Amino acid sequence: MLDQKLIRENPTSVEENLSLRGKVHNISHIHELTVKKKEIDIQVSSLQFESKKLSKLIGQEISKSPNNNSPELYNLKRKGNEYRTKISDLEEQQRTLDKQINSEISNLPNFLSKDAPIGKDENNNVQVKTWGTPLKKQNLKSHWEIGENLNLFESIKSTKISKSRFITLIGNGARLERALINFMLDMHTKNGYLELMPPALVNSESLTGSGQLPKFSNESFKCSNDDLWLSPTAEVPITAFHRNEIIDFKQLPIKYVAYSPCFRREAGSYGRDTKGLIRLHQFNKVELYWFCDPSKSSEAHQKITSDAESILKKLNLPYRLVDICTGDLGFSSSRTFDLEVWLPSSQCYREISSCSNCLDFQARRSSVRTKINKKNTYLHTLNGSGLAIGRTMAAILENGQQSDGSVKIPDALAPYFGSNSLKLS
RNA sequence: GGAGAGGUGGCUGAGUGGUUGAAAGCGGCUCCCUGCUAAGGAGUUACAGGAGGUAACUUUUGUCGAGGGUUCGAAUCCCUCCCUCUCCGCCA
């Protein structure tokens, strides 16, 4: 959520910033509404002041002479009645304006960082660095072929259970998934993150707080009988965990790591990544999340990204770091670094983590603040995958494949998996 | 799902129409006394928003679960919703 005051006082700068996302955002209408609301706020305030004075006066008169029926008293009451009519009329206008302003502002995306590369779409994203040597050989198998050969997961049967884009992990596949979750959680908790295991169902307010609603209701699954949705990412419940709180400044930064299943409708992605573990309606993810001092979010962004990177390094998976351009940035983010892992079968890098600095966008929507110099100030929030489990498994299968059909398990993961090699069992 | 009880400041807990943002206690803060410890005394202490000021601060509005309503005036009366707790049922 953008700052209403800023829209009221400096609408052009807001428009300029948002237009870098590649779409024209005309905010003149919201601007008008905020100005109008401000005027009414001031009127209401002063009318309430007068009316309150009058009520006190009437109270005093009545307590002096309890059976007072004088015309003076009657007139005072009539005057009070006039105040009330005026005030409730203005309050009605306030409510209407509030609703309009809120619904329009909550559809506006976050400000862009001035450091984000300017560009139209994903083709303008900037590769910052690469790590490791991408595996480039002939006759490499895809992870779904490996999965089928080693009997690690099953897609076809899963459509019976649910529908397409769901998967059932089997035997060593399930074991590997579990090992990855534990490995990542252990790494991050040792590194100063507090582990959370939040609810998988979240209410509308939570989704609004982190920016998925109202605009992207199509992208999450909704429970029809309740005001509950299947959480698309742990970012949602973690943001909501501190909704309407004022956090002690000394506690900052608060760093959480959470494993959660994630549910996404993937509307509009028909035909893309239909095989394997890349794009599913349900997947597991270990998420990193910071609540931090607003003056330090830029450093925090570097840190959360390198914390996510550390997992890829430990697993010895080649990857690159990409600075997402303005036209490709997510709704809530002001700047995002994607980590993309090398997938040998398709000879390309695929997103495995997205690390975003949301500034005070989510904190304002969720009202998460801290006191700085006695003033309540919205915190900054950052989130990053550390990492997406299914895609990590895909990367391990493809990068670790051996000529005999087995898969080498990265050394760091072997103790969790219970073996350094994955064979048909 | 059935029955009942309840939501008041950091906490406990009074308060059924009037100058009440709210008694009392606990806790917190400041000072005094006591050579340690324990105890005692005085004072102070809700939150959020707006306006003005570099600032200390001043001023104003709102807030007793949320939202409406009645009234000159609502924590208190009416309506709607949400949540919590207890018992029973069901369940991991």
Side-chain angles (χ1 to χ4, degrees), chain A residues 1-10 31 33-103 105-106 197-209 213-214 222-229 237 240-251 261 294 360 363-379:
Chain A
M1 185 98 80
L2 301 181
D3 186 359
Q4 210 179 111
K5 197 169 171 182
L6 195 66
I7 290 177
R8 196 175 62 233
E9 290 170 0
N10 203 346
H31 175 248
L33 294 177
T34 55
V35 170
K36 203 159 139 197
K37 175 161 179 291
K38 184 73 189 168
E39 282 168 18
I40 292 177
D41 285 349
I42 291 168
Q43 277 183 57
V44 168
S45 217
S46 72
L47 279 172
Q48 278 166 334
F49 176 56
E50 295 300 329
S51 144
K52 245 172 115 166
K53 267 202 305 204
L54 184 65
S55 296
K56 272 184 190 171
L57 184 69
I58 293 173
Q60 280 165 4
E61 291 300 319
I62 291 176
S63 59
K64 263 188 239 162
S65 45
N67 293 318
N68 191 340
N69 279 322
S70 71
E72 286 80 14
L73 190 64
Y74 174 79
N75 279 331
L76 287 181
K77 284 189 183 180
R78 216 182 49 185
K79 202 171 163 201
N81 200 347
E82 281 169 24
Y83 278 130
R84 193 188 67 226
T85 317
K86 270 190 212 163
I87 290 171
S88 53
D89 181 52
L90 286 173
E91 279 175 343
E92 178 68 40
Q93 294 185 45
Q94 268 180 327
R95 280 197 289 272
T96 314
L97 281 172
D98 253 339
K99 266 187 209 154
Q100 287 178 341
I101 291 169
N102 243 310
S103 83
I105 287 193
S106 57
M197 202 174 279
L201 298 190
V202 296
N203 60 33
S204 300
E205 209 178 335
S206 298
L207 279 166
T208 307
L213 288 179
K222 179 154 177 29
C223 306
S224 61
N225 286 335
D226 301 279
D227 177 32
L228 288 170
W229 307 66
F241 192 56
H242 288 297
R243 186 166 66 233
N244 294 329
E245 285 184 13
I246 295 173
I247 293 172
D248 184 359
F249 186 79
K250 292 196 289 279
Q251 288 182 15
D360 64 3
R364 180 174 285 105
R365 289 170 93 98
S366 302
S367 191
V368 188
R369 294 170 291 178
T370 190
K371 265 202 202 313
I372 298 178
N373 295 327
K374 293 188 182 171
K375 290 211 77 164
N376 287 328
T377 313
Y378 291 108
L379 295 176

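All heavy atoms count here, side chains included; hydrogens, waters and symmetry mates do not. Because the structure is a prediction, the values reported are computed rather than measured. So that the names make sense, note that chain A is the first sequence line, chain B the second, and so on, each numbered from 1.
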Does a side chain donor of either A/R78 or A/N81 reach within less than 3.5 Å of an acceptor in the other side chain?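 No, A/N81 and A/R78 have no side-chain donor paired with an acceptor closer than 3.5 Å.
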Rounded to whole angstroms, how far apart are [atom1] on [X] and [atom2] on [N]?
X	N	atom1	atom2	value
A/N244	B/G49	CG	P	13 Å
A/I87	B/U70	CD1	P	13 Å
A/Y378	B/G49	OH	C1'	10 Å
A/Y83	B/G73	OH	C1'	14 Å
A/L73	B/G18	CG	C1'	12 Å
A/L76	B/U71	CG	P	18 Å
A/K53	B/G73	NZ	P	17 Å
A/L54	B/G18	CG	C1'	13 Å

Report the base-pairing partner of [N] (Watson-Crick or G-U wobble, both distances below 3.5 angstrom), or none.
N	value
B/C31	B/G41
B/U84	B/A5
B/U63	B/A46
B/G21	none
B/G73	none

For RNA chain B, whose closest nucleotide is more 5', that of A/R8 or that of A/K79?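 Final value for this comparison: A/R8.
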Toward the 5' end of RNA chain B, by each residue's nearest nucleotide, A/R369 or A/G80: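 In this pair, the answer is A/R369.
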How long is the straight-line distance from CG of A/D3 back to CZ of A/R364, given to the nearest 0.5 Å?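 Separation between the atoms: 4.0 Å.
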Interatomic distance, A/Q48 atom CD to A/S55 atom OG [nearest 0.5 angstrom]: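 Atom-to-atom, A/Q48:CD and A/S55:OG are 11.0 Å apart.
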Between [N] and [M], how far is it from one [atom1] atom to the other, in whole Å?
N	M	atom1	answer
B/C33	B/G43	C1'	15 Å
B/C79	B/G15	C1'	24 Å
B/U71	B/G13	C1'	30 Å
B/G7	B/U44	C1'	30 Å
B/G17	B/U54	P	48 Å
B/A39	B/G21	P	37 Å
B/C88	B/U16	P	34 Å
B/A23	B/U8	C1'	12 Å

A/N81 side chain, from C-beta outward: closest of B/G50, B/G49, B/C72: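 Among the listed nucleotides, the one closest to the side chain of A/N81 is B/C72.
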Options B/C72, B/A51, B/U19, nucleotide nearest the side-chain atoms of A/R84: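 In terms of side-chain proximity for A/R84, the closest of B/C72, B/A51, B/U19 is B/C72.
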Single hit among A/I42, A/I40, A/D41 for side chain to side chain contact (heavy atoms under 4.5 Å, CB included) with A/V44: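 Of all the options given, the one that passes is A/I40.
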When we call it a touch if two heavy atoms are under 4.0 Å apart, what does [X] touch: a base, just sugar-phosphate, or nothing?
X	value
A/I58	base
A/K371	sugar-phosphate
A/I246	sugar-phosphate

Identify each donor-acceptor pair in which a side-chain atom of residues 241-248 of chain A lies under 3.5 Å from a protein atom, sequence neighbours left out, and give them as a table.
unit_1	atom_1	unit_2	atom_2	d
A/H242	ND1	A/E245	OE1	2.7
A/H242	NE2	A/Y256	OH	2.7
A/R243	NH1	A/S206	OG	3.2
A/D248	OD1	A/K250	N	3.2

Residues in salt bridge (Lys or Arg N to Asp or Glu O under 4.0 Å) contact with A/R95, at least two apart in sequence or another chain: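 Partners of A/R95 under the salt bridge (Lys or Arg N to Asp or Glu O under 4.0 Å) test: A/E92.
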Give the minimum heavy-atom separation between A/A200 and A/P261, together with the two atoms involved.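 Minimum heavy-atom separation between A/A200 and A/P261: CB-CG, 4.4 Å.
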Protein heavy-atom contacts under 4.0 Å, written 5' to 3' over nucleotides 56-69 of chain B as B (base), S (sugar-phosphate only) or - (none), form the string ----SSS-----SS
Taking side chain as C-beta onward, heavy atoms only, is A/P294 less than 4.5 Å from A/Y378?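 No. Closest side-chain heavy atoms not under 4.5 Å.
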Can any side-chain N or O of A/R8 pair as donor or acceptor with the backbone N or O of A/T34 at less than 3.5 Å?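 No; judged by distance alone, with no hydrogens or angles, the pair does not exist.
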